[in-house]
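Notes follow the structure.
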Amino acid sequence: MKALFKPSLDAPLQLVERPEPTAGSHDVKIRVMTAGICGTDLHIQAGDAAAAAMIAPDLIPGHEFYGEVVAVGDLVDHVKVGDRVSGEGHVVCGMCRNCRAGRRHLCIATQSVGVQRDGAFAEYVVIPESNVWVHSEGNITPELGAIFDPFGNAVHTALTFPMVGEDVLVTGSGPIGVMAIAVARHAGARRIVATDVSPQRLEMARAAGADDVVNVASERIVAAQHRLGLKEGFDIGLEMSGVRSALPEMVENMNHGGRIAMLGLPTGEIPVDWSRMVTRMITFQGIYGRQMFETWYAMSAMLDSDPVLRERIASVVTDVLPTAQWEEGFAAARSGSGGKVVLDFTTL
């Protein structure tokens, strides 16, 4: 089969022939139709320090995907050949304390599809049946299905704290940040402010439901507070960027008793005024991945019930390229100026 393959950390990513995977007894084999390019994939392509800390050698990356089931193991009970599916990319051990308590998203021995095991930048991918999400609704396109993984990150982050009637600050208007804005609007937020340094992404944030946007290259967040008449700061902060300066400025603009959910992974240490965190009694919650599978149920229910939300989430995909043009796709994703880039594996 054709696959994007990283033979070693120092070797370039390349489109080559690889052995076709087979499904074990509890596994599902999926013909990949579409696959999204994630920040993790950019690290893997670069072979940088972040990739060195994550990946196993001889790797097919890719963990955001949509496809059709073509084979199932002999102990698979619920997934059928012909099902259209996405996949939860975190494969858990099932036996640690959190797994056995039903908190699988907190598994201490998680292995990630496309990071520690072969992923979906290929014609076929194999994952456990328990990681398969079947799209029973008929309104999920291959492009939308390919971004269920990052959409889940946005939903997990945005729904960490109750949203109804709250004033929300979203720092970072990349694809996941834009989806979080759309979810916050769907969930009943009062005012939403989004930040970024890309004018294109700030326009996407407005289209997704932001009331105001701040280009932090030239303006401070407090200006948006004044424009919207927010006298006491933001009630909820969603830090989606991982930029070193984002969290400290968010803390400065939070109301007393404010709550922050942080998904963005910083590349270094972030200085935070912990005195302010303590005296303002700010709650901080780190977010990683999706709650398995409560987030997935919420995602499907929201998209099925709200055509406006579905359109806003789908609009995050701005580039769909045949897999042969994967280098162009990676360059577009790395530019940081547009939306989600999806590779079409049906047109090799």
Side-chain angles (χ1 to χ4, degrees), residues 21-30 32 35-36 38-41 43-44 50-51 53-57 59-67 69 71-80 83 85-120 125-136 145 147-161 176 180 183 259 261-265 283-302:
T22 57
S25 294
H26 294 277
D27 294 334
V28 171
K29 181 177 177 179
I30 300 160
V32 177
C38 171
T40 298
D41 303 317
H43 286 297
I44 292 171
M54 292 187 294
I55 69 170
L59 179 74
I60 298 172
H63 56 275
E64 305 174 0
F65 68 93
Y66 172 93
V69 175
V72 298
D74 56 359
L75 296 180
V76 170
D77 294 323
H78 302 287
V79 179
K80 307 183 300 298
D83 282 344
V85 301
S86 296
E88 165 58 55
H90 292 167
V91 180
V92 301
C93 73
M95 292 303 294
C96 69
R97 175 178 177 175
N98 281 315
C99 280
R100 298 180 78 175
R103 299 184 295 264
R104 287 185 286 175
H105 63 291
L106 298 175
C107 174
I108 199 170
T110 299
Q111 284 200 329
S112 293
V113 174
V115 182
Q116 289 91 31
R117 54 182 286 160
D118 279 342
V125 65
V126 168
I127 60 175
E129 179 191 22
S130 58
N131 282 70
V132 174
W133 185 261
V134 177
H135 293 292
S136 55
I147 61 170
F148 256 58
D149 177 296
F151 179 40
N153 291 339
V155 170
H156 188 185
T157 308
L159 299 187
T160 297
F161 304 112
I176 300 178
V183 172
R259 292 150 292 172
M262 182 173 180
L263 178 80
L265 282 172
T283 299
F284 180 90
Q285 175 70 56
I287 304 294
Y288 182 64
R290 299 142 298 279
Q291 288 183 312
M292 293 182 271
F293 275 83
E294 191 62 28
T295 301
W296 290 81
Y297 283 103
M299 292 151 60
S300 287
M302 288 189 293

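- With rounding to the nearest 0.5 Å, the separation of OG in S130 from CG in D27 is 9.0 Å.
- Residues C107 and H90 form no side-chain contact, since every pair of their non-hydrogen atoms from C-beta on lies 4.5 Å or further apart.
- Side chain of S300 to main chain of Y297: no donor-acceptor pair is present (N/O by atom type, distance under 3.5 Å, no hydrogens or angles).
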Go through the steps for M292 and V92 under the test side chain to side chain contact (heavy atoms under 4.5 Å, CB included), then give the verdict.
-> CA-CA 10 Å; M292 293 182 271; V92 301; 3.5 Å; yes

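- Residues T295 and G152 come closest through the heavy atom pair CG2-O, 3.4 Å.
- Contact annotation: the side chain of M302 approaches that of V155 to within less than 4.5 Å [non-hydrogen atoms, C-beta and beyond].
- P128 has its side chain out of reach of H26: every pair of non-hydrogen atoms, C-beta onward, lies at least 4.5 Å apart.
- The main-chain N or O of G145 is found under 3.5 Å from a side-chain atom of S86 such that the two form a donor-acceptor pair.
- The structure places CZ of R259 at 10.5 Å from OG1 of T160, a figure rounded to the nearest 0.5 Å.
- For CD of Q116, the number of neighbouring non-hydrogen atoms (other residues, nucleotides, ligands) closer than 6.0 Å is greater than 12.
- Shortest non-hydrogen contact noted between G62 and V113 is O-CG1, 3.8 Å.
- No more than 12 heavy atoms of other residues, nucleotides or ligands sit less than 6.0 Å from atom CD1 of I108.
- Using a distance-only test at 3.5 Å, with no hydrogens or angles considered, no donor-acceptor pair links the side chain of D118 to the main chain of L59.
- Considering only heavy atoms from C-beta on, V28 stays 4.5 Å or farther from V126 through its side chain.
- Ring geometry for F151 versus F148: interplanar angle over 60°, hence perpendicular rather than tilted (30 to 60°).
- In this structure, SG on C99 lies 7.5 Å from CZ on R104, to the nearest 0.5 angstrom.
- A distance of 10.0 Å separates CD1 in I147 from CD1 in I176, rounded to the nearest 0.5 Å.
- Here the closest non-hydrogen pair linking A120 and A35 is O-CB, 3.9 Å.
- Crowding of R103 atom CZ: a count of heavy atoms from other residues, nucleotides or ligands under 6.0 Å exceeding 12.
- In this structure the side chain of F293 reaches within 4.5 angstrom of the side chain of E88, judged on heavy atoms.
- Not a single donor-acceptor pair under 3.5 Å links the side chain of T110 to the backbone N or O of L106.
- Side chains of Q285 and F161 form a contact here, defined as non-hydrogen atoms less than 4.5 Å apart.
- No side-chain donor-acceptor contact under 3.5 Å links T40 and H63.
- A pairwise comparison of heavy atoms in G114 and I44 identifies O-CD1, 3.5 Å as the closest pair.
- Taking every heavy atom of both residues into account, G87 and I127 meet most closely at CA-CD1, 3.9 Å.
- A donor and an acceptor atom, one from each side chain of R290 and N153, are located under 3.5 Å apart.
- Side-chain contact between Y66 and W133: absent, with no pair of heavy atoms (C-beta onward) separated by less than 4.5 Å.
- In this structure, H43 and A50 approach most closely via the heavy-atom pair ND1-CB, 3.6 Å.
- The shortest distance between side-chain heavy atoms of R117 and V91 falls below 4.5 Å.
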